[in-house]
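Read the structure below first, then the notes.
The chain is numbered in sequence order, starting from 1. Both counts, for ligands and for their atoms, begin at 1 and track the order of listing.
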Amino acid sequence: MEYYYICSECGRRYKISRHIMVCTQCSQKQDADEPLRGVLEVGIEGKFNKKFNIFDLLPVEREYFPPIPVGNTPLWTPLNLREATGFSGLYIKDDSLNPTGSLKDRASFLVAAFAVREKIKDVVVASTGNAASSMAGVGAAAALNIKIFIPASAPQAKRVQSLQYGADVVLVDGNYDKAYELSMEYTMEHGVLSRNTAYNPLTIEGKKTAALEIFKQLEGVPDYMFIPTGDGVILGGVYKGFKDLLNAGLIDKMPIIYAVQAEGSCAISMAFKEGGFNKSYRSRTIADSIAVDIPRNGYYALKYLKAYGGRCVVVEDSEIIGAQKELASTTGLFAEPAASASFAGFIKVKDDIPSSSRVVLLITGSGLKDINTAMQGLISQTEKRRLTTKRL
Ligand SMILES: *Cc1c(COP(=O)(O)O)cnc(C)c1O
């Protein structure tokens, strides 16, 4: 197999190297406060059949991956939910079971392997919390030095995880977008490797493994998939994985993918409807992992949504909180708020989908990562019950 980078906007090709992150031409058009321009995608040359090994479809050789069990997460059958919803083909892809508790490990795994191969020791990342704790954990397994920039307001568990893994943690007085800016300044100044989502093309490529696993587990493609979306890198990565399979002739259709966003952080859904990104957009949601003002992979995500009949659905914080509790209490899977959004999105649009469809809910992170929000959810639900009882 041969691998190269190809610009998602102009199609220009580059050799994969630590010195190239975005298209040198298209990135010149970059404005402040808009998604990244010139996002690079990994192109593949070579044939593979349906017995492919996932490592063989990644641009770094298997021997460089650190010894930590990322991916291979279960696709399981939530029988109670199938019964409650009437969807006999409902599945859960449980990526909360990754080593650091989120799907972000898939991207960190590939970036770490690349760093090892290139003999790079220092990796920097800006994050709402999960990319940070993920890079810290997977980086620890690869003996890398990890520096992270996260909002001081990030859930405590994600900070504690990062520190336990031995990362150098910089708490930023501001939101994720501010942390992103500071990390980029640091990266430019010190010439270290950035794992910033979408900016490092390997983050998109690493996340495609979720799609490749689903293909193997289902022995085909699902009809529908629900993906919680902030920056749009998981969404883009999953699309990329299915596109690799489509190009190889192993599948003959793409799934219909729903990008699920929080009502207070829905830049991609708005752009999907209105055509462009609003530069002064400010996000606000309890689902911290999908809270972004500027979705870094916005253009790339939109391109895929449009090309393959994707859809957007927006859910309120209260629906996310409700979905979190319902998912946990009916399936035994306690997901963080952002991850519960995929279930909330499914509940919202399920009447638009034939109930005989094969549907995959992508659960991206563990509920133990943010117990405060979950606790608040319990309190407000009890409160609501108490108030309604009183009224009766
Ligand atoms: C990062 C993350 C998301 C969203 O991924 P994007 O690539 O930013 O769209 C969803 N859920 C969890 C748990 C995450 O950590």
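- Listed by first and then second residue, the salt bridge (Lys or Arg N to Asp or Glu O under 4.0 Å) pairs involving residues 98-123 are Glu61-Arg117, Asp95-Arg106, Arg106-Glu213 (not counting sequence neighbours).
- Both tests do not hold together for Arg311 against Phe226: distance to the six-membered ring centre under 6.0 Å, angle to the ring axis within 45°.
- Residues meeting the salt bridge (Lys or Arg N to Asp or Glu O under 4.0 Å) test with Arg12, sequence neighbours left out: none.
- Lys348 meets the salt bridge (Lys or Arg N to Asp or Glu O under 4.0 Å) test with Glu319; sequence neighbours excluded.
- Figure legend: Lys216 and Phe52 shown as a cation-pi pair, the cationic atom lying under 6.0 angstrom from the six-membered ring centre and within 45 degrees of its axis.
- Because its NZ or CZ atom is not both nearer than 6.0 Å to the ring centre of Phe114 and within 45° of the ring axis, Arg18 does not count as a cation-pi partner of that residue.
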Could you go through ligand 1 and list every pair where one of its N or O atoms sits under 3.5 Å from a protein N or O, giving the atom names and the distance to one decimal?
| from | atom 1 | to | atom 2 | distance (Å) |
| --- | --- | --- | --- | --- |
| ligand 1 | 7 (O) | Val233 | N | 2.9 |
| ligand 1 | 7 (O) | Ile234 | N | 2.9 |
| ligand 1 | 8 (O) | Asp231 | N | 2.8 |
| ligand 1 | 9 (O) | Gly230 | N | 2.7 |
| ligand 1 | 9 (O) | Asp231 | N | 3.2 |
| ligand 1 | 9 (O) | Gly232 | N | 2.8 |
| ligand 1 | 11 (N) | Thr364 | OG1 | 2.7 |
| ligand 1 | 15 (O) | Lys104 | NZ | 2.8 |
| ligand 1 | 15 (O) | Asn130 | ND2 | 2.8 |

